[in-house]
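Notes for the one structure printed next.
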There are 2 protein chains.
Amino acid sequence: MDSLDKIEEKLHAKGFKLTPQRRATIAILLEHKESHLSAEEVYSLLQKKHPEVGLATVYRTLDVLTEIEIVNRINFEDGVARFDLKTDDGQHFHHHLVCNNCGRVIEIHEDMLFDVEQRIKHQYHFEITDHRLTFLGICQDCIRKSKTRGVS
Amino acid sequence: MDSLDKIEEKLHAKGFKLTPQRRATIAILLEHKESHLSAEEVYSLLQKKHPEVGLATVYRTLDVLTEIEIVNRINFEDGVARFDLKTDDGQHFHHHLVCNNCGRVIEIHEDMLFDVEQRIKHQYHFEITDHRLTFLGICQDCIRKSKTRGVS
DNA sequence: ATTGTTGCAAAGATTTTGCAATCTA
DNA sequence: TAGATTGCAAAATCTTTGCAACAAT
């Protein structure tokens with residue numbers, strides 16, 4: 001799900017209207033593909049070019065985009081919903097490494113769960129539609145820093 | 001981390017005081033090991049026997065228990081923090097299957113991520129301390145029902 | 001013209017915090 | 001007794017909703 005055009009097409013196909021607010025919101029998401037933006041963050045990025053758009057509209061747009069499976073909603077352990085554009089390749093959701101020290105989120109685009117999913121399907125008779133995999137730990141930079149200065 | 005005694009010992013060892021409120025909160029968690037209770041749910045279970053305990057104290061107690069690694073905090077995609085006692089065996093956090101249809105949460109106690117963690121460590125030089133793995137999909141019961149009545 | 005969508009402000013839901021009183025060690 | 005902890009109410013956050021005005025098809 002890559003270009004603005006394709007996304008607008010899908011919105012339209014599902015019976016939603018194309019409004020300037022929605023276009024602008026999608027544009028922000030496209031410009032920040034790796035960022036896991038929260039609704040508030042999308043809103044403040046949006047304000048620079050479109051100060052008239054309201055926060056409620058951002059929430060509603062993100063809901064619509066989640067509903068039609070243009071974006072994934074994800075919660076890291078901080079209680080704030082974040083939104084990621086889905087990739088075009090039909091893959092399941094990518095994985096994340098979250099650093100407990102600096103808070104950085106690293107994305108992993110390989111699907112490492114194929115074998116695990118097969119086991120789940122067979123053992124639990126559970127039909128998997130998506131997954132959320134996050135590793136918590138210490139990133140390379142913080143490990144390096146801790147060796148000289150100690151983890152803050 | 002299994003018995004009330006062991007948990008109280010650890011609290012004490014970390015310099016926290018043992019109060020009746022904390023004891024009671026821990027007892028609730030021990031009585032509902034598989035439940036992924038929210039703070040609100042812990043609070044209302046607590047009220048039956050200890051109506052004097054306040055919700056803020058429940059939040060504070062769960063924070064302390066998370067801090068000293070007696071419980072794991074987890075967010076499924078509904079934005080409410082849930083709390084699980086850690087198991088005694090030193091294993092990482094268990095996995096979950098969340099049914100998109102009926103909302104049921106099924107626990108999986110096997111660690112299926114050993115190989116994946118090895119790859120992450122080597123490829124990303126990321127020191128993993130824990131993980132969160134949730135599969136979203138349709139559970140066995142809902143699959144069965146959908147075959148006769150259609151998924152509601 | 002119809003129906004969906006927006007902005008605003010108000011309401012909801014969850015979680016955190018200030019503070020005086022109280023309790024644990 | 002000293003310092004941590006509690007309960008309460010207020011505040012802070014994040015998110016949703018009602019409604020009248022407005023815009024897309």
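The basis for the numbers below is simple: all heavy atoms, side chains too, and nothing from hydrogens, waters or symmetry mates. It should be emphasised that the depicted structure is a prediction, and the values quoted were computed from it without experimental measurement. Naming convention: chains lettered A, B, ... in sequence-line order (proteins, then strands); numbering from 1 in each chain.
Judged by distance alone, with hydrogens and angles left aside, A/R60 brings no side-chain donor or acceptor close enough to the base of C/dG4 to form a pair under 3.5 Å. Between the side chain of A/R22 and the base of C/dG4, no donor-acceptor pair under 3.5 Å is found.
Nearer the 5' end of DNA chain C, as judged by each residue's closest nucleotide, is the contact made by B/Y59, out of B/H12 and B/Y59. Nearest-nucleotide assignment on DNA chain D puts the 5′-proximal partner with B/F16, out of B/F16 and B/Y43. Between B/G15 and B/A56, the residue whose closest nucleotide on DNA chain D is further toward the 5' end is B/G15.
Following rounding to the nearest Å, A/L18 (CG) and C/dT6 (P) show an atom-to-atom distance of 11 Å. One atom, CG of B/L62, and another, C1' of C/dT14, lie 13 Å apart when rounded to the nearest Å. For the pair B/R23 CZ and D/dA4 C1', the interatomic distance rounds to 15 Å; values are reported in whole Å. When rounded to the nearest whole Å, the span between CG of A/D78 and P of D/dA12 equals 20 Å. Whole-Å rounding puts the B/R73 CZ to C/dT15 P distance at 8 Å. Taking atom CZ on A/F83 and atom P on D/dC14, their separation rounds to 13 Å, with Å as the unit. A/L46 has its CG atom 9 Å from the P atom of C/dG7, to the nearest Å.
If you check D/dT25, D/dT6, C/dT15 against the side chain of A/K17, the one that comes closest is D/dT25. Which of C/dA25, D/dG7, C/dG7 sits closest to the side chain of A/T57 comes down to C/dG7.
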Using the side-chain contact (heavy atoms from CB on, under 4.5 Å) rule, take A/L29 and A/L65 through it: C-alpha gap first, then chi angles, then the decisive distance, then the call. CA-CA 11 Å; A/L29 294 174; A/L65 294 175; 3.8 Å; yes
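Ion pairing between B/E8 and B/R23 holds under the 4.0 Å rule for side-chain N and carboxylate O. A salt bridge is absent between B/R60 and B/D63; no separation between the charged side-chain nitrogens and carboxylate oxygens falls under 4.0 Å. Classification of B/E41 and B/R82 as a salt-bridged pair holds, one side-chain N sitting under 4.0 Å from a carboxylate O.
Backbone-only contact: A/E52 has heavy atoms under 4.0 Å from sugar-phosphate atoms and none from a base.
Remark: A/T19 is not in phosphate contact with D/dA24, judged by side-chain N or O atoms under 4.0 Å from OP1 or OP2. Residue B/Q21 places at least one side-chain N or O under 4.0 Å from the OP1 or OP2 atom of D/dG7.
Side chains of B/I108 and A/Q123 form no contact here, defined as non-hydrogen atoms less than 4.5 Å apart.
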